[in-house]
Amino acid sequence: MEATVKLYTYGYREVRTYVMACLFVLGNVVLPQLFHLIPQGGIIWLPIYFFTLVGAYKYGWKVGLLTAIASPLVNSWLFGMPAPAVFPAILTKSLLLAVAAGFVAARFKNVSWKGLLAVVLFYQVVGTLAEWAYVGDLRLALQDFRIGLPGMLLQVVGGYWVLRRIMQK
């Protein structure tokens, strides 16, 4: 199932690039706080990635990269999460997500659950390999796959719904 939506590509010289990135960073700050009210909610639902996915897909990889970099930094500064031990892995996965979502959106110019699934699997697989290199522990690196499957499903289904329903134009 596919849907054509209006996609944008903003440049770094445009103010709206930073406005949109700020809005998506705000979403990536609020959503994790809500999910942290649930025991293990951050680990299970992976909420810090959601608005990076939507922002990069809808507004291009530049908005996505700004969101991907700023979201973990702001969350860490305000709430101490992500913890320093996992910060490099989360930042890497966020960057991979932004690039992959921006690429798929620009390449296919539509929203499909298959495209979103490919984006989520790409950033998780490559990000897990990078995390394994960072921490040297495969079991720890596979945590998102062991525990975070609901979060990956939320990104695919929720991202599809948001991009199709809310952002169609």
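Both backbone and side-chain heavy atoms feed into the values below; hydrogens, waters and symmetry mates do not.
- Cluster annotation: Ile147 and Val125 are assigned to the same hydrophobic cluster (Ile/Leu/Val/Met/Phe/Trp/Tyr, side-chain heavy-atom contacts under 4.5 Å, transitive).
- Using a 4.5 Å heavy-atom cutoff, the side chains of Tyr57 and Leu163 are in contact.
- Going from atom CG of Leu53 over to atom CG of Asn28 covers 10.0 Å, rounded to the nearest 0.5 Å.
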Report task. Carefully, step by step, assess Leu138 and Trp132 under the rule side chain to side chain contact (heavy atoms under 4.5 Å, CB included). Result -> CA-CA 5 Å; Leu138 181 59; Trp132 184 20; 3.7 Å; yes
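- Annotation: side chain of Leu96 is in contact with side chain of Phe122 (closest heavy-atom distance under 4.5 Å).
- Atom OG1 of Thr52 is separated from atom CG of Leu65 by 9.5 Å, given to the nearest 0.5 angstrom.
- Checking each of Tyr160, Trp45, Tyr123 against Gln155 for a side chain to side chain donor-acceptor pair (under 3.5 Å) leaves exactly one that passes, namely Tyr123.
- Looking at Thr17, its side chain does come within 3.5 Å of a backbone N or O of Gly11 through a donor-acceptor pair.
- Phe24 CZ to Lys58 NZ: the interatomic distance, rounded to the nearest 0.5 Å, is 9.0 Å.
- In the hydrophobic clustering of ILVMFWY residues, with side-chain heavy atoms under 4.5 Å counting as a link, Ile48 and Leu97 come out together.
- Here the OH-OG distance, from Tyr49 to Ser94, works out to 5.0 Å after rounding to the nearest 0.5 Å.
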Tabulate below the donor-acceptor pairs under 3.5 Å that side-chain atoms of residues 30-44 make, not counting sequence neighbours, or state none.
unit_1 : atom_1 : unit_2 : atom_2 : d
His36  : ND1    : Pro32  : O      : 3.1

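- The closest donor-acceptor contact from the side chain of Tyr18 to the backbone of Leu66 lies at 3.5 Å or more, if one exists at all.
- Ser71 places none of its side-chain heavy atoms less than 4.5 Å from the side chain of Val29.
- Trp77 and Phe87 are assigned to two separate hydrophobic clusters, defined by single-linkage of ILVMFWY side chains at heavy-atom distances under 4.5 Å.
- Atoms CG and CD1, from Leu95 and Ile90 in turn, are 12.0 Å apart once rounded to the nearest 0.5 Å.
- Counting heavy atoms from C-beta outward, Phe145 and Thr128 have side chains that approach closer than 4.5 Å.
- Minimum interatomic distance between Ser112 and Gly115 (heavy atoms only, all atoms of both residues): OG-N, 2.9 Å.
- A salt bridge links Lys93 with Glu131: the distance from a Lys NZ or Arg NE/NH1/NH2 to an Asp or Glu carboxylate oxygen falls below 4.0 Å.
- Between Met152 and Gln124, the shortest heavy-atom contact is SD-CG, 3.4 Å.
- Arg139 places a side-chain heavy atom less than 4.5 Å from the side chain of Arg146.
- Follow the hydrophobic side-chain contacts under 4.5 Å out from Val19 and you never reach Val25; the two are in separate clusters.
- Heavy atoms only, all atoms of each residue included: Ala68 and Pro72 are closest at O-CD, 2.9 Å.
- For the pair Val162/Phe50, a side-chain contact is recorded, criterion being any heavy-atom separation below 4.5 Å from C-beta on.
- With values rounded to the nearest 0.5 angstrom, Leu46 atom CG is found 4.5 Å from Asp144 atom CG.
- Between Tyr134 and Val86, the closest side-chain pair of non-hydrogen atoms is not below 4.5 Å.
- When hydrophobic clusters are built by joining Ile, Leu, Val, Met, Phe, Trp and Tyr residues whose side-chain heavy atoms come closer than 4.5 Å, directly or via intermediates, Leu91 is not grouped with Val74.
- Ala105 and Leu7 make their closest contact through O-CD1, 3.4 Å (heavy atoms, listed as atom of the first residue, atom of the second, distance).
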